[in-house]
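Side chains are part of it too, since the values below use all heavy atoms of this structure and drop only hydrogens, waters and symmetry mates.
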Amino acid sequence: MIDQLGNGLLLGIIISVASVALSLLYGVTRIVNFAHGEVIALGAIVTLFFSAPVDSRVLFLGRFSPLGMSFSTSVIVAILFCGVFGALLELLLFRPLRKAEVGNIAVLVVTIGLSIFLRHMYLLFATGRVQNLPLGLERRQTYLFFDMTPRNFKVLIAGLAVMIIIGLFLTFTRMGKAMRAVRDSSELASVSGINSDNIILFTWISSSMLAGLAGIFQAIINDVRYNMGFLILLLIFAGTVLGGIGTSFGAMVGGLLIGIFVQVSVALPFMEGHTEAKNAVALAIMILILLFRPQGIFGTKERIS
C-alpha cells in the first residue's frame, strides 16, 4: 500500500500540473480544450528529439536527431517550444474563432478535431514505438517512507514547487490578478483598462508551457508515446472537475487526489488481477463526490451555472 501511495503521488503530480494548465485555460477563455493531451505529449516528444544522441534513429521518420543537446537544455527548449505552440494556436485559430463569435460547442468540436490531427501527426513523425529519454538507470531509495528513484523524487519536489509558484503568481502578481479579472468578466476587465486579448494570449502560452512540463514529468517517470497525453486526458479532466473547474487551486488538489486514488486502488482486494480497471475506481469516487458537491471541492455554484 505504501509503494502504491508513492506511485500515486508521482501520478498525482503529473495530473495536478496538467489539470492546473487545463483549468487556467478554461477559467480565462471558457474553452474546454480536448487537444490538451497533445500539448502534453508535445513537451515529451520535443525533449526526446533534442536530447537524443546524434546517432539515434527514433524520431522524424527514422532520421536522427540533429542536435543531441543535454537533457536539461532540451527540457528548457521543449517548454519554450510548447509556449510558442500555444501562442500560435491562440493567434491563428482560437482568436479568429472568438472574433467571429463562434459558439462554444463549435469550438469544442474544433479542439476535438485538433486533438485527432495532432495525435496522428505525432504518429507520423515520432512513430508508434515506445521510447525512453536518454537517462541512466537509478536504484530506488527511501524518501519519507516512499521507495522511488532519486530522479522521480526530484520530479515530485519540482512539481510541488511549480504548483506553489503558480499559486503565488495568480494571487499576488498584477498579471495573475488580471487573469482572474478576465476570468470573472472580460467585459468589466476591458472597462478597467485590461487588454483581454493579451491576457488570453498569455494564458495560452502559460497553459501550454505547464502542459509541456507535465508531459516531461510523465516521460521521466514512464516513457514517451505519441498518445501519452491522450491516455491520461480523462484523469486530467477528472482532477479538474473534482477540484472545481476554472479554479487553479482546486485543480491542484483534485489532480493530486485522482492520482492517489488511481494507484492506491490497485492494492484493494477486489482489484487483484484487474489492475487495468484502476481508472474506473478513481472516476467512480469522483462521481460520488460530485453527487454531494457538484461544483467540486473549491468550485462555486455560480461558476458552474
### Query
Where do L24 and M179 land on the side-chain contact (heavy atoms from CB on, under 4.5 Å) test, with the steps shown first?
CA-CA 9 Å; L24 195 65; M179 293 171 69; 3.7 Å; yes
### Message
Using side-chain contact (heavy atoms from CB on, under 4.5 Å), reason through I76 and T73 one step at a time and then give a plain yes or no.
### Response
CA-CA 5 Å; I76 296 174; T73 303; 5.7 Å; no
Euclidean distance, [Y] [atom2] relative to [X] [atom1], rounded to 0.5 Å:
X    : Y    : atom1 : atom2 : result
L42  : T47  : CG    : OG1   : 9.0 Å
I236 : L231 : CD1   : CG    : 10.5 Å
I45  : Q131 : CD1   : CD    : 10.0 Å
L80  : S208 : CG    : OG    : 12.0 Å
F261 : I258 : CZ    : CD1   : 6.5 Å
D147 : L5   : CG    : CG    : 12.0 Å

#### Entry: Test log, rule side-chain contact (heavy atoms from CB on, under 4.5 Å), inputs F230 and L118
CA-CA 11 Å; F230 176 74; L118 291 175; over 6 Å; no
### Message
With a 6.0 Å cut-off (strictly less than), is the heavy-atom count around CZ of F81, excluding the residue itself, greater than 12?
### Response
no
#### Entry: Verdict with reasoning, L256 to I15, per side-chain contact (heavy atoms from CB on, under 4.5 Å)
CA-CA 7 Å; L256 198 61; I15 296 175; over 6 Å; no
Quick one: closest heavy-atom pair of [X] and [Y], and the distance?
X    : Y    : result
I216 : A78  : CD1-CB, 4.1 Å
S207 : L25  : OG-CB, 3.8 Å
A178 : I199 : CB-CD1, 3.7 Å

### Query
Between F94 and W204, what is the ring plane arrangement, given parallel below 30°, perpendicular above 60°, and tilted in between?
parallel
Same cluster or not: are [X] and [Y] linked, directly or through other Ile, Leu, Val, Met, Phe, Trp or Tyr residues, by side-chain heavy atoms under 4.5 angstrom apart?
X    : Y    : value
L10  : I164 : no
L135 : F50  : yes
L91  : V39  : yes

Would you say the side-chain atoms of [X] pair up with the backbone N or O of [Y], donor to acceptor, closer than 3.5 Å?
X    : Y    : value
R151 : G136 : yes
R95  : D197 : yes
H36  : A18  : yes
S23  : S19  : no

### Message
Give me each pair satisfying salt bridge (charged side-chain N to carboxylate O under 4.0 Å, His left out) with a member in residues 157-182, each pair once, sequence neighbours excluded.
### Response
none
### Evaluation steps, ring-ring contact (aromatic ring centres under 6.0 Å, His included), between F125 and Y226
CA-CA 9 Å; F125 285 94; Y226 80 97; over 10 Å; no
## Note on the structure
Result for side chain to side chain contact (heavy atoms under 4.5 Å, CB included) between N33 and one of V107, T111, L233 points to T111
